[in-house]
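In listed order, ligands and their atoms are each counted from 1. Here the structure is a predicted model, which means the values were calculated and not measured.
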Amino acid sequence: MINQQTTLFKTPAPFNLRLQVRYFNASEIAALFEGQDIVQGLTASPKTLPAQYFYDDRGSQLFEQICELPEYYPTRTEAWILRHYAAEIAECTGACELIELGSGSSTKTRLLFDAYQAQGYPLHYQPIDISAGILVESARQLLADYPTLNVQALAGTYEQALSNLPPSDLSQRLIFFLGNSLGNFMPQECDRFFAQITTVLNPGDYFLLGVDLEKDSDVLEAAYNDRQGVTAAFNLNMLAHLNHRFIGNFNLNAFHHQAIYNSVDRQIEMYLHCQQPQSVQLKKLDLSIDMAQGESIRTEISRKFNLEQMQQYLQAQGLSPLQVWTDPKQWFGMILCRR
Ligand SMILES: C[S@@+](CC[C@H](N)C(=O)[O-])C[C@H]1O[C@@H](n2cnc3c(N)ncnc32)[C@H](O)[C@@H]1O
């Protein structure tokens, strides 16, 4: 069981009455296991790193910049769907505890809040994010803009937070997972993830999923190799994060960013290619590795889905699709399911 630390965030009333933050990743048990996934990935062949390490404070800021890039269609396309259909989502679910996985800046979530508020439903929000800085800062901004909102923020991994969800004030839950974050999971990780989701949800509860759909590889590769180099900076920042967090010595200048579309596995793969040989130590993890010139680390997969197949998959996981929405180009999809 994770050793939870509950903190009341110190802001002037009335915020302090409406905001609670729990830090799961600050616990001793979490610290004991921290970084074992890195050791596993960097000693494997080919080398990989888990995408969650993109998100320290700087990584979260860079991701916000990515969302604004002309090439990066996912954020604005998903926002388009929410702008057009959030009212239908709220009508369909009725009043619910709103639980968001990987909430980040919660920008698109505002469209859901507006829809639930317009129906006269209370706003109870449980955002979950591994990046505590953006989680708390966004919660404060939301509280300023939504005077009736209550927030219980959970700083930790999806797994940690879902195993320790606070009781809901409302009788039903809607868990939502936007931005195609599901696409970062390998198929077997998806199965584990949904096993946990269906344990947490009671029959009659809801699950809302935003997924990126298959499309022309030129569009996909442009979105992850932007001309301003923001995605490259985001990718390299993962190594800066590891250097800082685990006392490491990755030489960032010796790595080059590249994203390619793998049409067989239907996924974008993001790499850092090593340009010169180097010995890397991560002291806190007691890890030393040698990287050869030309060797690569895969830092992310972003799978692209087919709406029909995804609905069949969700049904098989015990989540019955109720409604599906997409945009005029059919680049992004949103599926509302019921447990
Ligand atoms: C691609 S961003 C999406 C942000 C937002 N949901 C959106 O759609 O724009 C992924 C978010 O999930 C968080 N995240 C990534 N891996 C996580 C994990 N394993 N557990 C909890 N949060 C995670 C990141 O910090 C980041 O805010």
Side-chain angles (χ1 to χ4, degrees), residues 2 21-26 30 33-38 41 49-69 72-83 86 98-113 125-139 142 153-165 175-186 189-190 192-193 196-197 200 208-212 223-224 230-231 234-235 237-238 241 245 259 268 270 299-304 332-334:
I2 302 288
V21 186
R22 288 184 180 183
Y23 294 91
F24 296 108
N25 43 10
F33 292 107
E34 198 183 45
Q36 289 318 302
D37 46 0
I38 294 172
L49 280 168
Q52 69 184 51
Y53 291 99
F54 283 130
Y55 299 97
D56 59 356
D57 286 349
R58 168 122 182 94
S60 296
Q61 280 167 11
L62 286 166
F63 181 73
E64 289 307 299
Q65 289 177 34
I66 288 174
C67 292
E68 301 291 323
L69 291 168
Y72 196 75
Y73 65 85
T75 306
R76 61 181 148 272
T77 311
E78 191 177 41
W80 186 96
I81 297 174
L82 282 171
R83 250 193 309 280
L98 300 172
I99 302 172
E100 179 166 16
L101 299 167
S103 50
S105 65
S106 302
T107 306
K108 284 171 288 184
T109 316
R110 288 168 178 259
L111 297 164
L112 283 173
F113 287 169
Y125 181 45
Q126 297 181 354
I128 294 168
D129 206 292
I130 200 163
S131 188
I134 195 165
L135 178 76
V136 174
E137 183 49 36
S138 308
L142 291 171
L154 306 167
T157 65
Y158 308 130
E159 210 180 349
Q160 288 167 339
L162 286 171
S163 325
N164 294 278
L165 269 190
I175 296 186
F176 52 109
F177 199 25
L178 304 180
N180 197 46
S181 290
L182 184 74
N184 297 146
F185 295 162
M186 306 282 276
E189 290 174 313
C190 275
R192 281 201 297 274
F193 170 77
Q196 195 175 17
I197 292 289
V200 168
L208 180 70
L209 181 66
V211 281
D212 198 5
Y224 293 82
V230 184
T231 314
F234 174 73
N235 199 6
N237 180 65
M238 184 189 281
H241 179 197
R245 188 154 162 184
I268 280 283
M270 211 144 86
T299 50
E300 182 179 66
I301 60 161
S302 179
R303 294 167 62 208
K304 307 301 163 190
F332 213 90
M334 191 156 290

Legend entry - Check: Tyr158 ring centre within less than 6.0 Å of Phe24 ring centre: no
Legend entry - Heavy-atom pair with the smallest gap, counting every atom of Pro74 and Asp212: CG-OD2, 4.2 Å
Legend entry - Aromatic ring pairing Tyr125/Phe176, orientation class (parallel under 30°, perpendicular over 60°, tilted between): parallel
Inset, instruction - Decide yes or no for Leu178 and Glu78: does some side-chain heavy atom of the first lie under 4.5 Å from some side-chain heavy atom of the second? - result: yes
Inset, instruction - Looking only at non-hydrogen atoms, find the nearest pair between Glu159 and Gln196 and report the distance. - result: O-NE2, 3.1 Å
Legend entry - Centroid-centroid under 6.0 Å between Phe63 and Phe54 rings: no
Inset, instruction - Show the protein residues that qualify under the rule heavy atom under 4.0 Å from an atom of ligand 1, listing them in chain and number order. - result: Gln52, Tyr55, Phe63, Glu100, Gly102, Ser103, Gly104, Lys108, Asp129, Ile130, Ser131, Gly156, Thr157, Tyr158, Leu178, Gly179, Ser181
